[in-house]
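Read the structure below first, then the notes.
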Amino acid sequence: MDFIVAAALKAIKYLYNTDITSADINLQETRKEFEGQVTIVTFPFTRFSKKSPEQTGSEIGAYLQNELSEVAGFNVIKGFLNISLADDHWLNQLYTEILPDDFAVFKPNGQKVMVEYSSPNTNKPLHLGHVRNNLLGFSVAEILAAAGYEVIKTNLVNDRGIHICKSMLAWQRWGDGETPQSSRMKGDHLAGKYYVLFDREYKIQIEALKADGQTEEEAKKNAPLIKEAQQMLQQWEAGDPDVKKLWQTMNTWVYTGFAETYKKLGVSFDKFYYESDTYILGKDIIDEGLEKGIFFRKEDNSVWIDLTADGLDEKLVLRSDGTSVYMTQDLGTAQLKYNDFHMDKSLYVVGNEQDYHFKVLFLILQKLGKTWARGLYHLSYGMVDLPSGKMKSREGTVVDADDLMAEMEQTAKEQALAKGKIDAFSEDEKLHLYHIIGMGALKYFLLKVDPKKRLLFDPNESVELEGHTGPFIQYTHARIKSVLKKAGALEKSKAAAYQILAAEERDLIVALTRFPEIITLAAEAYSPALVANYIYELAKNYNKFYHENPILQAADEPSKQFRLLLSSAAGKVISKGMKLLGIEVPERM
RNA sequence: GCACUUGUAGCUCAAUUGGAUAGAGCACCUGACUACGGAUCAGGAGGUUAGGGGUUCGACUCCCUUCAAGUGCACCA
């Protein structure tokens, strides 16, 4: 559409002798209820045209029609100049832009971006909140890669700390040697079982102490179980061989379980970082900050930064006993990641309850003079709520990731069997299809929503498979494939004689041309939702076209071949777009 | 209490970043070639964009204010 903007600039120079930039021209898609495909908003021009918005629009429209062969006509409604481009133009777009294999393929932009996501704790299985995180992170990585970035996907595993010791301690006490093999449980679920068990016993102890007259706070501190867990953490840090061995054993169970879940989710990582390695990092940065006078030491030897001038608080960066806090580690880890990859940008896909933490983290790094800190970005997303409220792992009120995926596949299976179209599938093909559709529904459901909004999930109402859903789009793809298959080999040359477009055909081409722009926008906004909503609109456009225009039964050969070409183009964009969301599309369903 | 985020149809979400009569899906009602694949399509009904004020030719969008919800304000991670 650049040529229209350029011509409009010329028009304004010619008509009103005014120089403006392309950014001043508001070009948008024409609303369906009006004639035309592109619209220029003319209100802003009245400042120098000294004429009504209508008249200004008419003058520019007339100039454009005169100047550009592509402009077939125009109309002006209020301050909106609606331009109709000739069918020639759209046919040309289809043949020279959309159909070639390099459509929407971006050249490498020379920039490196790191996407850190997932970042699980190794004391319990993944739940719905993690699912949103994983899908978001993976999809954003795909989108950035499509937009020309070199992407490094990382996972910072939280594999140490008091919470891990809780699972370990409970297993030691009550586990009776239970293993994933002996219990036939996934390793992460087994660890989670003991985490819940710890919490239950811990609560009982707290109640007992409170009955003895202690306050809630005292009881929480004095319960024997928590003291033991703390002791275990100290042993771990001291390198106690027995504790380390237990830790390694249980972590291995958990990793095996996670690997399975990640595989089902379809996500992957290029590099793992482990907090057991990184938790000691950051001390160098503390020294650096003290030298530069950015941090200060209090009498008790603790180290702080004063951010009150930036509207934030004083923040502790090192404890009085010289040990690290969360912030210390994250400062160190950020430096480590940069040293490893020298990336231009670095995304942290982390829930919005940590907004403040990342604000402070990035600010500190900037104050320390790290030029790369400008490339840091917290991709903050909203929590997933249940109708009953927030999910709490400790209390077992969570939607488990593995259970959820299994349920989705089950729903997909029931639907597919009810439709009765896949009887010819082999058993493997069927299972694969249930997986694709179940996951397609789940992924689309979670990704179509703006990441920063919180999401309500009702486990009692299964995720929809009709309407604005993943399976709707998957179905459209399967239908396109079915028509193409029945048609046999495409004969592109025969389509050339087709020159006059039906409205639905034109609309479909217009929608297809937007795909590259959508990738750019989604990459800039880090928003898979833009892609999801675009692909939905595209699929709707196709379905409308499909209903109004016979393809295989078309009146003549050029119409038929042209519509087949158009269908094939739509199928490709749907498939590519869904891939950016991490969703597969089936050939049949 | 202070800070940040959110508030759009009964429900779940959009709205090209300040543009036209605020659009979709679900649910509800009506209709579609005896299926080029009906997991589809066409139509109906459903809105004071939480309330109030302001800026603007123009506000769901920006500013002020009230209300509601969520989150954060640990020498936990």
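A, B, ... follow the sequence lines: proteins, then strands. Residue 1 opens every chain.
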_Using a 4.0 Å heavy-atom cut-off, does Glu466(A) contact any base of the nucleic acid, only the sugar-phosphate backbone, or nothing at all?_
sugar-phosphate

_Using whole Å, what does the distance between atom P of nucleotide G72(B) and atom OH of Tyr326(A) come to?_
12 Å

*Run the salt-bridge test on Glu29(A) and Arg514(A) with the 4.0 Å N-O cut-off and return the result as yes or no.*
yes

*Would you mind reading off the distance between Glu557(A) atom CD and C36(B) atom C1', rounded to a whole angstrom?*
14 Å

*Answer yes if the ring centres of Tyr348(A) and Phe362(A) are under 6.0 angstrom apart, and no otherwise.*
yes

*Determine the contact category for Leu455(A): base if any of its heavy atoms lies under 4.0 Å from a base atom, sugar-phosphate if only primed atoms, P, OP1 or OP2 are that close, otherwise nothing.*
sugar-phosphate

*Ignoring hydrogens and angles, are the base of A77(B) and the side chain of Asp159(A) linked by a donor-acceptor pair under 3.5 Å?*
no

*Which part of the nucleic acid, if any, lies within contact of Lys540(A), taking any heavy atom under 4.0 Å across all strands shown: a base, the sugar-phosphate backbone alone, or nothing?*
sugar-phosphate

*Nearest-Å distance, OH (Tyr526(A)) to P (U17(B))?*
19 Å

_Rounded interatomic separation in angstrom, taking CD from Glu353(A) and P from A69(B)_ = 20 Å

_For a quick check of understanding: with a heavy-atom distance under 4.0 Å over all strands, which category does Ala416(A) fall into, base, sugar-phosphate or nothing?_
base

*Ignoring hydrogens and angles, state whether a donor on the side chain of Thr30(A) or Thr39(A) is under 3.5 Å from an acceptor on the partner side chain.*
yes

*asked:* Applying the 5.5 Å / 30° rule, does Phe34(A) stack onto the base of A20(B)?
replied: yes

*Tell me, with the steps shown, if Phe34(A) and Ile77(A) meet side-chain contact (heavy atoms from CB on, under 4.5 Å).*
CA-CA 9 Å; Phe34(A) 302 103; Ile77(A) 295 162; 3.3 Å; yes

_Please classify the nucleic acid contact of Phe80(A) as base, sugar-phosphate, or nothing, using heavy-atom distances under 4.0 Å._
base

_Just to be sure I understand the rule, does Pro44(A) reach a base, reach only the sugar-phosphate, or reach nothing, if contact means heavy atoms closer than 4.0 Å?_
base

*Reckon Lys419(A) touches a base, only the sugar-phosphate, or nothing at all at heavy-atom distances under 4.0 Å?*
base

*Would you mind classifying the nucleic acid contact of Thr46(A) as base, sugar-phosphate or nothing, using non-hydrogen atoms under 4.0 angstrom?*
nothing

*Whole-Å gap separating C1' (C41(B)) and CD1 (Ile551(A))*: 14 Å

*Is Asp355(A) salt-bridged to Lys359(A), cutoff N-O under 4.0 Å?*
no

*Using a heavy-atom cut-off of under 4.0 Å over every strand shown, decide if Glu464(A) touches base, sugar-phosphate, or nothing.*
sugar-phosphate

*asked:* Taking any heavy-atom pair under 4.0 Å as a contact, classify Leu456(A): base, sugar-phosphate, or nothing.
replied: sugar-phosphate

*Can you tell me, in whole Å, how much space there is between the C1' of C13(B) and that of A22(B)?*
14 Å

*Under 5.5 Å between ring centres and under 30° between planes: true for Tyr546(A) and the base of C36(B)?*
yes

*Enter syn or anti for the glycosidic conformation of U17(B), syn applying to angles within 90° of 0.*
syn

*Which part of the nucleic acid, if any, lies within reach of Arg588(A) when heavy atoms closer than 4.0 Å are counted: base, sugar-phosphate only, or nothing?*
base

*Check the distance between C2(B)'s P and Asp313(A)'s CG and give it to me in whole angstrom.*
14 Å

_I want to confirm an ordering. Mapping Ala529(A) and Lys359(A) to their closest nucleotides on RNA chain B, which one lands closer to the 5' end?_
Lys359(A)

*Evaluate whether atom CZ of Arg588(A) has more than 12 neighbouring non-hydrogen atoms of other residues, nucleotides or ligands under 6.0 angstrom away.*
no

*Contact class for Tyr536(A) vs. all strands (heavy atom < 4.0 Å): base, sugar-phosphate, or nothing?*
sugar-phosphate

*Ring-face cation of Lys298(A) near Trp304(A) (centre distance under 6.0 Å, axis angle within 45°)*: yes

*RNA chain B: 5'-proximal contact among Leu81(A) and Arg160(A) (nearest heavy atom)*: Leu81(A)

*Have a look at Asp450(A) and say if it touches a base, only the backbone sugar-phosphate, or nothing, with a 4.0 Å heavy-atom cut-off.*
sugar-phosphate

*Under the 3.5 Å rule, do the base of A20(B) and the side chain of Thr39(A) count as making a donor-acceptor pair?*
yes

*Whole Å only: how far is the CG atom of Leu465(A) from the P atom of G25(B)?*
17 Å

*Describe the nucleic acid contact of Asp330(A) in one word from base, sugar-phosphate, nothing, applying a heavy-atom distance below 4.0 Å.*
nothing

